2 protein chains.
Amino acid sequence: MASIKDVAKEARVSIATVSRVYNNPEIVSKKTKEKVYSVAKRLGYTPNFLAQNLKKSVVGTIIAAIPDMSNTFFIDIVLGIQDYAESRGYNVLMGRFDPEKFNISKYVKIVKSKAADGIVLATGHNRYYETVAEAEDVPIVTIEEEFMSKPHIYVDNFEAVRKVIDYLLSKGRKRMAFLGYKTEIERAKAFELVMKEYGLEYDKKITWKCDEREEEIPAQTKEYVDLLMKKELPEAIVCASDLLAAGTIKWLAKKGVRIPEDVAVTGFDNVEIAAIFNPGITTVEQPRKSMGQEAARMLINMIEGHEIAKKITFQTKIVIRESA
Amino acid sequence: MASIKDVAKEARVSIATVSRVYNNPEIVSKKTKEKVYSVAKRLGYTPNFLAQNLKKSVVGTIIAAIPDMSNTFFIDIVLGIQDYAESRGYNVLMGRFDPEKFNISKYVKIVKSKAADGIVLATGHNRYYETVAEAEDVPIVTIEEEFMSKPHIYVDNFEAVRKVIDYLLSKGRKRMAFLGYKTEIERAKAFELVMKEYGLEYDKKITWKCDEREEEIPAQTKEYVDLLMKKELPEAIVCASDLLAAGTIKWLAKKGVRIPEDVAVTGFDNVEIAAIFNPGITTVEQPRKSMGQEAARMLINMIEGHEIAKKITFQTKIVIRESA
DNA sequence: TGTTTTTATGAAAACGTTTCCATAACCCAC
DNA sequence: GTGGGTTATGGAAACGTTTTCATAAAAACA
């Protein structure tokens, strides 16, 4: 409640001096400083961010926009963003957005009205989005997808899928199936390409793409397993996420199929459930926290007008558990 | 970049009029309004939040402080908070905080410096925290714990535990054990009281309290199961969280114990893993999203100076799956 | 001691709004 | 027309800061 004026009056100095005590302490005399500090403490004075920022025209807040807050994948990214942002004195505003509708204008508006300085956009989809005119001069860093040639963080999905296939081959599995999502194209494409490159056949009929809504996963994996049971089982199933893998394993086990003896199953992302599921799920881990940190670093540098890289590629690592 | 001044000059009206076009459109003539709108659009004018708020002394941002972002429980609460906040035109700033250290002063400071209007605090612990002087006149709503007689959202853990015990009794299980956390007192206490009330004996030696750090759970549940195997197995184990239940089931299954035939296991919270685990975990669900919404509603009303309730109690419901 | 340099402080403008108060413009009735 | 009552607009203060410029006080030097 107390303003700089109150402190100034009480300490019998000008408001300019009080301001300097907080912003350029070195140029004000020790005596004055002590007087101001003690008065400020007594009055419970905290500089008003709004007024400071109005003057400086910097807010100190960045937005992390993610599609799904109940997904560890995105949460870890946000954790990384927060970690780094904090070290630079920025706050993080978290928001949801729908990758289908790509409704970022809400966030663009927030930045334009100076309630935030920039946006980290994570969709988890490797798409190429269309230009949004208003977003032209808004600082944005994207993770995974590309957008208006804004700087972005890229994860090498091809390399990741190759690692999985290599591992399965080393275990003697050749007949592989792929279970992915309708909207995530890169992993499916990578699977196809790597298989072709290795000269391996795979049955397109047992390669399926799910709707991406999480609540649909139990039903969809069940349907998928029912389909599989009617055909000859593959030796391995590569899933585009740990949840798909978990669902698939669950239904296969119910049919009496032994994992991994009869069928090996792999996931993607290494979320919490991969470790705790029974059997533990072999999966691919992206350095999520580092990705978030790097995104925040790029964004803040961009906001503060420094030079930054246009694209940063992260490598993945395979985490071997019991399911494959 | 364009300010209200630019628009006013270009539209040949005063800045007061431009301001009114956005805040009291009904009192400005149609002709003027149209002129202003068209100029504003051409110049790409968006009112500057900072200046608006400085004047109005309201920010339009609330903080959701939670201990663990990778826990669905808290994420759902935040989802509820966001949902409601959005409907009232507020943004949500998400932050972590350590329930052990109770380091809320960071957030109190943000509010005091007018970068946010208030705080929703969710710890998931039913503790009574000590007074923090600076937080005196800061709008805060807590979920679960009590703090400085700030308004709070309460979940009826006693009733919840009673429901679990009733259900287990109805299945003929009498010898029950409890696996909880060191810091969460209410569920453990409720278990003890209800058992006593029903005149049921329970072996204190097989009631254990874990460290609450999530990464410790696999190791701690393993240790617990090892301990159990040395004694006579109980007929049922009531766990204070789904993760504890999942860990316990996993290790019991590895020892060849059949769930639920030999031992029934129940969880708490109904997070994602409870549904997807094999076997599905019988658990207790709190209306998390509603709790978040209600917390946001209380907080915003508090911020805007309306009358609010001091305490709101939510009921739980039991979700029956395969583990019990 | 008087002059110059350094250091510490204050006055006031500026940031982009909202809003109170005053006034100009209009309309209608007489 | 003149007057009384609306209605639409402008001027200017205020919100709480930062910062430039000017000046007073102190220190350094001769």
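Chain naming here is simple, since letters A, B, ... match the order of the sequence lines and numbering starts at 1 in each. It should be emphasised that the depicted structure is a prediction, and the values quoted were computed from it without experimental measurement.
No cation-pi contact links Lys114(B) to Phe49(A), judged by a cut-off of 6.0 Å to the six-membered ring centre and 45° from its axis.
Of the candidates dC15(D), dT19(D), dA12(D), dA12(D) carries the atom nearest the Ala16(B) side chain, counting heavy atoms from C-beta on. Checked against dA11(C), dG16(C), dT9(D), the side chain of Ser3(B) finds its nearest nucleotide in dG16(C). With distances taken from any side-chain atom of Leu54(B) to the nucleotides dG10(D), dG16(D), dC15(C), the minimum falls on dG16(D).
For Tyr45(B) and Tyr22(B), the ring centers sit closer than 6.0 Å to each other.
Residue contacts shown for Asn23(A) are limited to sugar-phosphate atoms, with no base heavy atom under 4.0 Å away. Residue Ser113(A) is out of contact with every strand shown, counting any heavy-atom pair closer than 4.0 Å. Leu50(B) comes within contact range of no nucleotide atom at all, as no heavy-atom separation falls under 4.0 Å.
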TODO: Please assess Arg288(A) against Phe74(A) for the test side chain to side chain contact (heavy atoms under 4.5 Å, CB included), listing each intermediate value before the final yes or no.
DONE: CA-CA 8 Å; Arg288(A) 299 192 285 265; Phe74(A) 297 114; over 6 Å; no
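Looking at which nucleotide of DNA chain C each of Glu26(A) and Tyr22(B) is closest to, the 5′-most match is held by Glu26(A). Both Ala51(B) and Arg20(B) lie close to DNA chain D; mapped to their nearest nucleotides by heavy-atom distance, the more 5′-ward contact belongs to Arg20(B).
Regarding contacts with the backbone of dT9(C), a side-chain N or O of Thr32(A) is found under 4.0 angstrom from either OP1 or OP2.
The environment of NZ in Lys35(B) is crowded: more than 12 heavy-atom neighbours from other residues, nucleotides or ligands sit within 6.0 Å.
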